Amino acid sequence: MKKDSRELVAPTRTSPTESFSRAHDGAVTMDSSLKATLPAGVVPEAPPHDRAPIIVKPTAARKAKAQKAERPSRHIIAALDVGSSKICCFIAEVKNHGTIDIIGIGHQASRGVKNGTITDLRAAETAVAHAVEAAEQMARAPLEGQPISSVVVNVPGIHCLSHRSSSEVRVGGPEVTDRDIRSALAQTNSLAVAGRDQLIHVIPTGYALDRQRGILEPRGMAGEKLTVQACAVTALSTSLRNIGHITSQNRLEIDAYCNGAYAAGLASLVDDERQLGCTVIDMGGGTTSIAVFIEGKLVFTAAIPVGGNHVTSDIARGLTTSLADAERIKTLYGSALATSPDDHTVIDVPPIGEEEQAQPNYVPRSLLTGIIQPRIEETFELVRAKLVDSGFYQVAGRRVVLTGGASQLAGLCEIATLILDKQVRLGRPQHVRGLAEATGGPAFASAAGLLLYAAQHADEIPARRDNFALPMAFKLPFALPQFGPVKGTEMLSKVTHWLKENW
C-alpha cells in the first residue's frame, strides 16, 4: 500500500504521573520519595469507605490542564488553487474580530493541468500533495502537527457559466424572513441541468417588495410578494468530479467551490471599486477569466481559453528555443509594448536541441516584442467582445483590475488601456495578513480570495442535494441513520424541529 506523502505524525503526549493513586481495595499507595519524608513507624491512614480519597496531582499537571482548558479553539480554513501554471495552498486562521492571518503557504509547479482542464490525474494528485504538505509544514505549530482535512477549491472560469435569474415568492408571514429569501433563491436550482451542471454560486444582486425596487435588505419589512434578482454560476459536473478526485486522493474534503475570477476580485478590489462597478481580468497560465462587480455583487463571469502559456509557446516557436528558455526570456526581457531602444538591444536565445551552445545566438529584442504584442492584443480583444456580448461593457464602469501571474508582463496595462478604453491597474491581495513579498503579488490573488470567500461569503454557497436528488433549502444539521429504524424520540424531535424551521 502506497504511503501518503502528506501524512504528518502527531507528537506523542504522555500524561503526568500522580503522587497518589487509589488501589482496588480502597487503600492509598504512596510514591517512595514522599514515603521517605514521613517519620519512622508512621503509616498513612486509609480513607474511610464513605469518603472519596484525596488525590494529589503535581503542580505542572494542574497548570497544563488549566492552560488546555483556557486555550481558545482555532478557526482554521484552507484554500487550494489548482491552476495551469502553479498549484497553491493557503492555510489561514480566522480571528474573532474577522481578520484573516495566513499561517501556511505552499506552491508547486503545476502538473497534469492544461488550459484549466485536468489532463493527468496522477500528476495533478502528486502536485497537490506537495503543495499541501509544504503549507502544513509551515503551519505545523498552529495546527499542532495535525494535517488539514478540508479545503475551498477554485474552479477555472472556462468550466463556469453565469446566469441572471429573477424569482418571485409570496411572503409567508406579516414580514419577510430568511425562509422567504431561501425559497426564492431555491428556484435557481432549475438553472443547473441534472447530470451536466452543478451550482457553485447563488448571489443575490437585488430585491423588490410589492414592485418596489432598490431594496437592499428586505428582512423584517412588510409585504406580500418578494422578488429576488440573483447571479447564479454553474460549473461542469465532470470538471468538479475530477477536482474532487485529486483532493480525495490526498484525504481532503471540499467545503465549497469558487470561481477563480470571483475569488481574485474579492482579494484585490477595494470597496469603492466593487460598489461603483469594476471588471476583474484574471490572467492565468492557460485561461483568462472575467468577473464583473456592480453595487458590491458579482453579476457576470466568463472566460477565454488564452493565457500566459500561449505567449510562452509563441516565443518558443518564433525563436526556435525550448519552452523553459522561452519562459525565462519572457520573464526577463518580455514586453507587450514596443519601445525605441528595443532595436538596439539584443538577447541571447539558446537554440533548441543543443546541449552546449558553441556560439551566442543573438536576436534583437524588438523581435521578441513583435511576437508577444499580437497575442496580448488578441487576448484583450476577446475579453472586450465577451463584455460587449454580455451587455456589461458599459454598465460595469471604467475600471479594470488585472490579476494572475500572466498580468505581470511589462506594458500589459498600457495595451489593456488602449483596447478596453478603461482605466487599468494591477491588483494584489489586500484583505489578508501574513503574505510575504514573494507571495503577495497578482499571481496569488485567487488563492487569497478563496480564503475570503470561505470566511465571509459562506451564505453564497448553494444548497446541496440529498441522496434522493431533491433540492434542499439547507443541508441537514444532523446525520440521518443509514440502516434500521430510528430509536428513541431524539431523532424524531430533530426532524420535526427542522421541518418547522425550513418548510
Side-chain angles (χ1 to χ4, degrees), residues 4-8 74-94 100-113 116 118 120-156 239-240 242-260 262-264 266-268 282 284-286 403-405 428-429 431-455:
D4 191 356
S5 61
R6 293 182 44 253
E7 187 174 358
L8 298 177
R74 294 177 178 267
H75 184 194
I76 303 296
I77 56 177
L80 182 63
D81 182 7
V82 181
S84 302
S85 58
K86 72 177 185 312
I87 294 179
C88 179
C89 178
F90 278 6
I91 303 176
E93 179 180 0
V94 182
I100 299 176
D101 291 343
I102 295 180
I103 58 178
I105 299 174
H107 56 92
Q108 295 285 326
S110 183
R111 297 288 185 272
V113 183
I118 297 177
D120 189 337
L121 287 174
R122 184 65 59 86
E125 291 169 13
T126 304
V128 168
H130 290 323
V132 174
E133 184 180 9
E136 289 175 342
Q137 290 291 343
M138 183 175 177
R140 186 176 181 85
L143 293 177
E144 297 182 352
Q146 300 298 324
I148 58 176
S149 59
S150 60
V151 291
V152 178
V153 184
N154 78 312
V155 180
S239 176
L240 299 185
N242 290 332
I243 295 175
H245 179 82
I246 62 176
T247 55
S248 63
Q249 291 299 314
N250 286 281
R251 301 181 182 179
L252 293 172
E253 296 181 358
I254 297 178
D255 289 334
Y257 296 99
C258 183
N259 178 269
Y262 179 38
L266 294 177
S268 59
D282 185 40
T403 61
R428 301 175 183 273
H431 308 290
V432 295
R433 303 189 308 182
L435 282 176
E437 183 178 358
T439 55
F444 296 91
S446 181
L450 293 175
L451 298 175
L452 293 167
Y453 178 74

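None of these values were measured; they are calculated from a predicted model. No hydrogens, no waters, no symmetry mates; every other heavy atom, side chains included, goes into these values. Numbers here simply count residues along the sequence, with the first being 1.
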In chain order, what residues pass the side chain to side chain donor-acceptor pair (under 3.5 Å) check against Asp101, with sequence neighbours excluded? Arg433

Which residues share a side chain to side chain contact (heavy atoms under 4.5 Å, CB included) with Ser239, sequence neighbours left out: His159, Leu236, Ile243

Do Ile76 and Ile103 have side-chain heavy atoms sitting under 4.5 Å apart? yes

Under 3.5 Å, side chain of Thr439 to main-chain N/O of Leu435, donor-acceptor pair present? no

Roughly how far, to the nearest 0.5 Å, is CD1 of Ile102 from CZ of Phe90? 5.0 Å

Run the side chain to side chain contact (heavy atoms under 4.5 Å, CB included) test on Val151 and Asp255 for me, step by step, so that the C-alpha distance in whole Å, both residues' side-chain angles and the decisive distance to 0.1 Å come before the verdict. CA-CA 6 Å; Val151 291; Asp255 289 334; over 6 Å; no

Distance (rounded to the nearest 0.5 Å) between Leu252 CG and Ser149 OG: 8.0 Å

Could you tell me which non-hydrogen atom of Ala131 sits nearest to which non-hydrogen atom of Cys89, and how far apart they are? O-CB, 3.9 Å

Steps toward side chain to side chain contact (heavy atoms under 4.5 Å, CB included) verdict (Leu80, Val152): CA-CA 6 Å; Leu80 182 63; Val152 178; over 6 Å; no

Which of parallel (below 30°), tilted (30 to 60°) and perpendicular (above 60°) describes Tyr453 and Tyr262? perpendicular

Could you measure the distance from the CD atom of Glu133 to the CG atom of Asn250? Nearest 0.5 Å is fine. 10.0 Å

When you measure from the side chain of Asp120 to the backbone N and O of Arg122, does any donor-acceptor pair fall under 3.5 Å? yes

Do Phe444 and Lys86 touch side chain to side chain, with heavy atoms closer than 4.5 Å? yes

All side chain to side chain contact (heavy atoms under 4.5 Å, CB included) counterparts of Ala134, not counting sequence neighbours: none

Are the side chains of Val128 and Ile87 in touch, meaning some heavy atoms are under 4.5 Å apart? yes

Taking all non-hydrogen atoms of both residues into account, name the closest pair between Ala109 and Ala127 and its distance. O-CB, 4.1 Å

Measuring from atom OG1 of Thr247 to atom CD1 of Ile254, what distance do you get when rounded to the nearest 0.5 angstrom? 3.5 Å

Is the backbone of Gly116 close enough, under 3.5 Å, to the side chain of Ser84 for a donor and an acceptor to pair up by distance? yes

With a 4.5 Å heavy-atom cut-off, do Ile148 and Leu143 have their side chains touching? yes

Is it true that a side-chain atom of Ser110 and a backbone atom of Gly83 form a donor plus acceptor pair closer than 3.5 Å? yes

Give, for atom CZ of Arg111 and atom CD of Glu125, the distance between the pair rounded to the nearest 0.5 Å. 15.5 Å

Is there a side-chain contact between Ile91 and Glu136 in this structure, where contact means two heavy atoms from C-beta onward sitting under 4.5 Å apart? yes

Does the pair Ser446 and Asn154 meet the rule for a side chain to side chain donor-acceptor pair (under 3.5 Å), with working shown? CA-CA 8 Å; Ser446 181; Asn154 78 312; 4.5 Å; no

For residues Gly449 and Ala267, report the shortest heavy-atom separation together with the two atoms involved. N-CB, 3.6 Å

Testing the basics here: between Leu451 and Ala78, what is the closest heavy-atom pair and its distance to 0.1 Å? CD2-C, 4.1 Å

Could you report the tightest heavy-atom contact between Ala447 and Cys88, atom names first, then the distance? CB-SG, 4.0 Å

Between the side chains of Asp282 and Thr403, does any donor sit under 3.5 Å from an acceptor? yes

